[in-house]
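Structure first, then comments.
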Amino acid sequence: MPELPEVQTVVTELKNFFLKKNSLSKIDILNQSSIVLTKDIPLNSFLKKNISSISRQGKYIIISLENNLYIIIHLRMTGHLFLNQKEEFKKHTRVVFYLKDEKTVIFHDTRKFGKVYFSNSLDFLKNKIGIDPFDSSFKQDAFIEKIHKSKQSIKSILLSQKIVCGLGNIYVDEVLWQSKIHPLEQGYNISNEQIIALYNAIKTVLSEGIKNKGCSLGKGISNFMNTQGEFGKHQLSLNIYGKEKMPCPICKNKIQKTKVNQRSTYFCSKCQSEKIPSSFLE
DNA sequence: CCATATGTTACTCG
DNA sequence: ACGAGTAACATATG
């Protein structure tokens with residue numbers, strides 16, 4: 001169930017793992033619905049091509065090969081990439097990548113929502129999602145302008161990935177609490193000062209998640225794990241998510257739980273000013 | 001059996 | 001076109 005910090009944790013480990021020049025020698029597809037092929041490009045054209053870089057945009061992992069070929073992976077809710085882990089995670093293994101030097105990368109996904117895209121272009125990412133918060137093109141002024149153009153609730157905006165990408169249900173709640181914005185506040189109704197606070201909170205909260213090597217709530221195989229099968233530590237640093245009825249760390253008010261976009265949403269009604277329905281503003 | 005789950009997308013209706 | 005709301009995908013856990 002990875003968001004940006006969990007995906008970054010995996011990407012960092014993949015980079016270290018692939019450090020030397022490497023290429024794929026074989027790809028086993030154990031579940032056809034876990035992959036998406038590009039028309040007219042056979043799977044075996046991805047073999048024996050040097051891996052040139054491993055990067056990330058939002059929650060998408062991008063493995064770039066020579067000749068402008070790309071393997072793009074989205075882990076969705078329960079996807080994992082395991083390095084050189086064999087037997088213990090066998091049950092839900094969907095794709096196995098065999099590397100030239102005998103190493104293996106396993107794409108493991110209990111719920112089968114995740115996808116491995118084999119593509120010759122990154123265009124579909126560009127059209128689909130907004131700016132990554134750690135990209136140098138993520139600028140305060142443009143962010144304010146885009147938020148102000150939207151009538152949607154701020155939580156919907158952030159979950160949509162369209163303006164800024166990488167935030168999911170946990171980090172959105174953390175970021176909104178940090179910047180004292182109610183999750184249902186509409187974009188055009190948020191002050192410049194609050195959007196600046198939000199902009200800064202996005203960077204600091206996500207950076208902390210990365211430092212903690214991701215967030216692993218709950219337990220079991222569906223929970224987030226790094227490429228070695230280890231849990232992250234960021235669950236210990238959460239302030240608001242999953243803390244219904246517990247005191248807000250700042251004002252001690254009881255944290256409330258509601259639903260926004262069908263997703264559990266936690267907030268402090270004192271710190272995060274109540275949304276005033278527009279019908280009351282006539 | 002019921003509800004819930006760190007994600008996304010397709011569909012409807014207004 | 002936009003936004004809200006709903007269901008769907010598939011599986012595990014409490």
Side-chain angles (χ1 to χ4, degrees), chain A residues 1-10 30-36 56-61 72-81 89 91-94 107-117 124-125 127-130 146-163 165-176 183-189 205-206 208-210 212-226 231-244 257-266 275 277-279:
Chain A
M1 307 167 232
E3 305 179 34
L4 187 152
E6 291 72 39
V7 176
Q8 182 59 51
T9 301
V10 170
L30 287 82
N31 178 55
Q32 206 61 34
S33 72
S34 293
I35 69 160
V36 178
R56 177 191 62 68
Q57 189 183 347
K59 303 170 194 170
Y60 289 85
I61 298 164
I72 303 163
I73 302 173
H74 198 303
L75 304 172
R76 293 280 191 107
M77 295 289 271
T78 59
H80 302 82
L81 289 177
F89 298 122
K91 186 172 175 195
H92 302 295
T93 293
R94 310 303 181 192
F107 176 65
H108 179 285
D109 187 18
T110 44
R111 288 171 73 176
K112 300 186 196 165
F113 290 169
K115 287 272 184 290
V116 179
Y117 304 86
F124 99 103
L125 275 190
N127 303 329
K128 205 196 295 261
I129 59 174
K146 286 176 189 165
I147 298 286
H148 276 163
K149 275 191 191 148
S150 176
K151 245 187 130 173
Q152 283 185 77
S153 73
I154 188 63
K155 178 149 181 174
S156 299
I157 293 172
L158 297 175
L159 286 179
S160 77
Q161 315 294 305
K162 292 249 175 348
I163 294 178
C165 62
L167 295 156
N169 204 35
I170 292 178
Y171 290 96
V172 163
D173 281 7
E174 293 294 320
V175 154
L176 290 176
L184 289 177
E185 195 67 76
Q186 292 161 290
Y188 71 91
N189 210 22
V205 170
L206 293 179
E208 212 192 317
I210 293 169
N212 286 323
K213 297 184 192 267
C215 181
S216 301
L217 283 169
K219 51 176 196 154
I221 191 67
S222 296
N223 200 4
F224 170 71
M225 286 179 222
N226 69 4
F231 291 140
K233 292 193 180 69
H234 192 66
Q235 63 278 11
L236 302 173
S237 300
L238 295 177
N239 287 299
I240 195 100
Y241 185 86
K243 311 243 180 235
E244 188 186 12
K257 181 182 181 185
T258 181
K259 289 250 175 184
V260 178
N261 285 26
Q262 302 170 298
R263 314 299 300 279
S264 288
T265 297
Y266 302 84
K275 174 194 152 71
S278 47
S279 56

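Every chain is numbered from 1 and lettered A, B, ... according to where its sequence line falls, protein lines coming before strand lines.
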C1' atoms of dT6(B) and dG3(C), separation to the nearest Å: 25 Å
From CG of Leu159(A) across to P of dG7(B) the rounded distance in Å is 7 Å
Donor-acceptor contact below 3.5 Å, side chain Glu185(A) vs main chain Ile154(A): no
N or O in side chain of Lys91(A) less than 4.0 angstrom from dA12(C) OP1/OP2: yes
Write down the distance between CG (Asp109(A)) and P (dG7(B)), rounded to a whole number of angstrom. 13 Å
Please pick, from dT6(B), dA4(C), dA12(C), the nucleotide with the shortest atom-to-atom distance to any side-chain atom of Gln152(A). dA4(C)
Counting only side-chain nitrogens and oxygens, does Lys128(A) get under 4.0 Å of the OP1 or OP2 atom of dT9(B)? yes
Side chain of Tyr60(A) - closest among dT11(C), dT6(B), dT9(B): dT9(B)
Short side-chain N/O contact from His234(A) to OP1 or OP2 of dT6(B), under 4.0 Å: no
Starting from P on dT6(B), measure out to CG on Leu158(A) and report it in whole angstrom. 16 Å
NA contact type, Lys162(A), heavy-atom cut-off 4.0 Å: base, sugar-phosphate, or nothing? nothing
What is the nucleic acid contact for Lys149(A), judged by heavy atoms within less than 4.0 Å: base, sugar-phosphate only, or nothing? nothing
Are Tyr241(A) and dT6(B) close enough that a side-chain N or O sits under 4.0 Å from OP1 or OP2? yes
N/O donor-acceptor pair under 3.5 Å between Arg111(A) side chain and Gly79(A) backbone: no
Could you tell me whether a side-chain N or O of Gln186(A) sits under 3.5 Å from a main-chain N or O of Lys151(A), the two making a donor and an acceptor? yes
Give a yes/no on whether any side-chain N or O of His74(A) is located under 4.0 angstrom from OP1 or OP2 of dG7(B). no
Between Tyr171(A) and His234(A), is the gap from one ring center to the other below 6.0 Å? yes
Among dG3(C), dT6(B), dG7(B), find the nucleotide with the atom closest to the side chain of Phe113(A). dG7(B)
Could one point to a donor on the side chain of Arg111(A) or the base of dA12(C) with an acceptor on the other under 3.5 Å away? no
Could you please name the option among dG3(C), dT11(C), dT6(B) that lies closest to any side-chain atom of Arg263(A)? dT6(B)
Atom-to-atom span, CD1 of Ile61(A) to P of dT6(B) - whole angstrom: 19 Å
Look at the side chain of Arg76(A) and decide which nucleotide, out of dT8(B), dA12(C), dA10(C), has an atom nearest to it. dT8(B)
Between Gln161(A) (side chain only) and Gly58(A) (backbone N and O only), is there a donor and an acceptor less than 3.5 Å apart? no
For Gly168(A), answer base if it contacts any base atom (sugar-phosphate contacts may also be present), sugar-phosphate if it contacts only those atoms, and nothing otherwise; contact means non-hydrogen atoms under 4.0 Å. sugar-phosphate
Consider the side chain of Asn223(A), meaning its heavy atoms from C-beta on, and name the nucleotide among dT9(B), dT11(C), dT6(B) that approaches it most closely. dT6(B)
Counting only Watson-Crick or G-U wobble pairs whose two distances fall under 3.5 Å, which nucleotide matches dT6(B)? none
What is the distance, rounded to the nearest whole Å, between atom CG of Leu217(A) and atom P of dG14(C)? 13 Å
Minimum-distance nucleotide (side-chain atoms of Ile170(A) versus dG3(C), dT6(B), dT11(C)): dT6(B)
Using a 4.0 Å heavy-atom cut-off across all strands, classify Gln262(A) as base, sugar-phosphate, or nothing. base
Who is the Watson-Crick or G-U wobble partner of dA4(C), with both distances under 3.5 Å? dT12(B)
Taking the side chain of Lys59(A) as heavy atoms from C-beta outward, which of dT6(B), dG7(B), dA12(C) is closest to it? dG7(B)
OP1 or OP2 of dT11(C) sitting under 4.0 Å from any side-chain N/O of Lys112(A)? yes
Nearest-nucleotide pick for Ser264(A), side chain only, options being dA12(C), dA5(B), dT9(B): dA5(B)
Distance check needed: dA12(C) P versus Met1(A) CE, whole Å only. 13 Å
Ion pair Asp109(A)/Lys115(A), N-O distance below 4.0 Å: no
